[in-house]
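For reference, the structure is listed below as structure tokens.
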There are 2 protein chains.
Amino acid sequence: MAEQAETLRRAPLSRDRILRAAVALADAAGIESLSMRNLAQELGVVPMALYKHVANKDELLDAMIDLVVGEIDPPTPGADWKQDLRRRVLSARQALRRHPWAPLAIETRNMATPALLAYLDSVVGTLRAGGFSANLAHHVMHAMGSRILGFSQELFDTARDAGRSGRTTPAPPTAALPPEVAARFPHLAEIATAASHDDASVVGQGCDDQFEFEFALDLLLDGIERLQQQAWTSARRTR
Amino acid sequence: MAEQAETLRRAPLSRDRILRAAVALADAAGIESLSMRNLAQELGVVPMALYKHVANKDELLDAMIDLVVGEIDPPTPGADWKQDLRRRVLSARQALRRHPWAPLAIETRNMATPALLAYLDSVVGTLRAGGFSANLAHHVMHAMGSRILGFSQELFDTARDAGRSGRTTPAPPTAALPPEVAARFPHLAEIATAASHDDASVVGQGCDDQFEFEFALDLLLDGIERLQQQAWTSARRTR
DNA sequence: ACCTGAACACCGTTCAAGT
DNA sequence: ACCTGAACACCGTTCAAGT
């Protein structure tokens, strides 16, 4: 039956099977475990067999990113721009949380992958339909930056460590600080326990990532809404 | 004189000399060229000699990051919080622009490096001195995220490619798009030429990164100022 | 024609042998 | 005691030999 398992594992290789195995491997073991050799072994195949279906590792990564980006909710044509944008960004965040390796992979690649461009294009479409000038839409896309993809872009992102080797979390400054650190960085120590949930039971548990993400997102969306209502434009700015 | 050059290159190795050479190498050739072997060769030294001064490559990267973070302007004690924070974030941005490898290095490391913690602590100090509650300061730090370090965190960051192998820029969607791409992504094509500088001469030159960064930064700072004036707090939020 | 093992040019780091 | 070459366990990818 070891033989049979071998046979099953050697089922016809395809680009799709490779991509799904690659995503699963990166999800489970971290992106640093995703080598062509490891992936081939996972598929019960000799490393060079992969190169029949993907040009090289870079192309593999691009395709993996497109799979993840494809998980983001599509736009709702008739909806209010602000509500629709908020919903899709939160959907993007959920997609990326399912694949903690994706943010770094996206940043590392130079990426103008098709799915990513399609997503960005649809976001601009939502803004334009919502009455944004092309000029303001341009700056809004810049201002949202990677947050449009649901990157929390926190300085200490605990989520990114998920699926890594099961070591203890790297103590973000917003969780309880060890006393000698707290003494050297009193301001960090002070805000560490001043999280949104003043609930004593949660203190020291770290931050509510979802709340913090929505806080920043709404800060941006509210400011953007204000600019749109003022028909803000950079066209006449002095340089 | 080749001998003399050799001798000069073999001048006493020190941790400081290693760090400065490492930063220079990463600045000039990109972070992917910074291998222990390359660095050793640059210093005219056998690879293993480095390990007398740095524990391993991770520790080297941490120390390099601290050098860069150390270039950020110190706070001005008496100043207005908003003006001071803005100035320091822009200073951080300049520091990181001098070292295009630093953002990715910082994100890759789990980093609670001393200089970084000191910088973050001083930023919180500025907020607290400006009358922010610990609660609001906490959320503000999250909302600013890596922008506090001057990361533009654009989706297509042309700056990050600086110092890479001199290939042509990867065509961000906001520069002039090739016609077949423009056809598939009409909304991106539309905003690409709707940059802040409606100056026809600049169209197709890409974006004014500095303007876009300040646009997003001010959007955040203005929103944050508004919350502070309302004495906003998350303490009583419903969960 | 297709597949694949060996090989190449790299890594970071360990370790034992040499001074 | 210090330094360092060789070696180990990895990479991605090329290429030629085998079927």
Side-chain angles (χ1 to χ4, degrees), chain A residues 6-19 21-26 28-65 101 104-105 107-111 113 164-165 167, chain B residues 6-19 21-26 28-65 101 104-105 107-111 113 164-165 167:
Chain A
E6 260 308 293
T7 310
L8 282 175
R9 213 173 264 122
R10 282 180 193 268
L13 202 59
S14 70
R15 187 179 165 89
D16 189 66
R17 225 162 72 81
I18 290 175
L19 292 184
V23 169
L25 181 57
I31 193 73
E32 76 281 357
S33 298
L34 182 75
S35 67
M36 297 302 270
R37 293 162 123 110
N38 272 349
L39 179 57
Q41 193 180 328
E42 202 78 11
L43 287 160
V45 138
V46 80
M48 287 316 297
L50 301 175
Y51 286 82
K52 275 274 113 79
H53 301 92
V54 292
N56 49 40
K57 193 177 179 180
D58 282 353
E59 205 218 48
L60 174 69
L61 283 170
D62 280 343
M64 290 171 66
I65 288 169
W101 49 270
L104 199 60
E107 287 166 48
T108 307
R109 314 260 52 246
N110 286 34
M111 61 132 184
T113 69
R164 274 295 204 12
S165 57
R167 91 180 101 87
Chain B
E6 260 306 294
T7 310
L8 282 174
R9 213 173 265 121
R10 283 180 192 269
L13 202 59
S14 70
R15 185 179 166 90
D16 189 65
R17 225 163 71 82
I18 291 174
L19 293 184
V23 168
L25 180 57
I31 192 74
E32 76 281 357
S33 298
L34 181 74
S35 68
M36 297 301 270
R37 293 162 122 111
N38 272 350
L39 179 58
Q41 193 180 326
E42 202 78 11
L43 287 160
V45 139
V46 80
M48 288 314 297
L50 301 175
Y51 286 81
K52 275 275 112 81
H53 301 92
V54 293
N56 49 39
K57 192 177 180 179
D58 282 354
E59 205 218 46
L60 173 70
L61 283 169
D62 280 343
M64 289 169 68
I65 289 168
W101 49 269
L104 199 61
E107 286 165 50
T108 306
R109 315 260 51 246
N110 287 35
M111 62 131 185
T113 69
R164 273 294 203 12
S165 56
R167 89 179 103 86

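As the structure is a computational prediction, the values presented were derived from the model and not from experiment. In what follows, chains are A, B, ... by sequence order, proteins preceding strands, each numbered from 1.
Rounded to whole Å, the P atom of D:dC8 lies 16 Å from the corresponding atom of C:dG18.
Residues A:Ile31 and A:Trp101 approach most closely at CB-CB, 3.7 Å, considering heavy atoms. The minimum heavy-atom distance between A:Met64 and A:Ala26, with the atom names listed, is CE-CB, 4.0 Å. Here the closest heavy-atom approach between residue B:Ala63 and residue B:Leu19 is recorded as CB-CD2, 3.5 Å. Closest approach of B:Met36 to B:Val54, counting heavy atoms only: CE-CG2, 4.1 Å.
Remark: A:Arg15 engages A:Glu59 in a salt bridge (charged side-chain N to carboxylate O under 4.0 Å, His left out) (not counting sequence neighbours). By the side-chain hydrogen bond (donor to acceptor under 3.5 Å, both in side chains) test, B:Asp16 pairs with B:Arg20, sequence neighbours left out.
In this structure, A:Thr108 OG1 and A:Leu61 CG are separated by 8.5 Å, a value rounded to the nearest 0.5 Å. For the atom pair A:Glu32 CD and A:Leu34 CG, the distance stands at 9.5 Å (nearest 0.5 Å).
Look at CG on A:Leu13: it is 14 Å from C1' on C:dC2, rounded to the nearest Å. The distance between atom CD of A:Glu32 and atom P of D:dC10, rounded to the nearest whole Å, is 14 Å. The interatomic distance linking A:Met36 (CE) with D:dC11 (P) rounds to 12 Å, in whole Å.
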Atom pairs and distances, donor-acceptor, side-chain atoms in residues 43-53 of chain A, under 3.5 Å, two or more places apart:
| unit_1 | atom_1 | unit_2 | atom_2 | d |
| --- | --- | --- | --- | --- |
| A:His53 | NE2 | A:Leu13 | O | 3.4 |

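Within the 4.0 Å cut-off from OP1 or OP2 of D:dC10, not a single side-chain nitrogen or oxygen of A:Asn38 is found.
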Atom pairs, N/O to N/O, protein against nucleotides 17-19 of chain C, distance under 3.5 Å?
none

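Both key distances under 3.5 Å define a Watson-Crick or G-U pair, and stretches of 3 or more such consecutive pairs in DNA chain C run C:4-8 with D:12-16, C:12-16 with D:4-8.
Taking a 4.0 Å limit (strictly below) on heavy-atom distances, residues 47-60 of chain A reaches DNA chain D at A:Met48, A:Tyr51, A:Asn56, A:Lys57.
Judged purely by atom type and a 3.5 angstrom limit, B:Asp62 has no side-chain atom pairing as donor or acceptor with the backbone of B:Thr113.
Nearest nucleotide to the B:Arg37 side chain, out of D:dT4, C:dA7, C:dG12: C:dG12.
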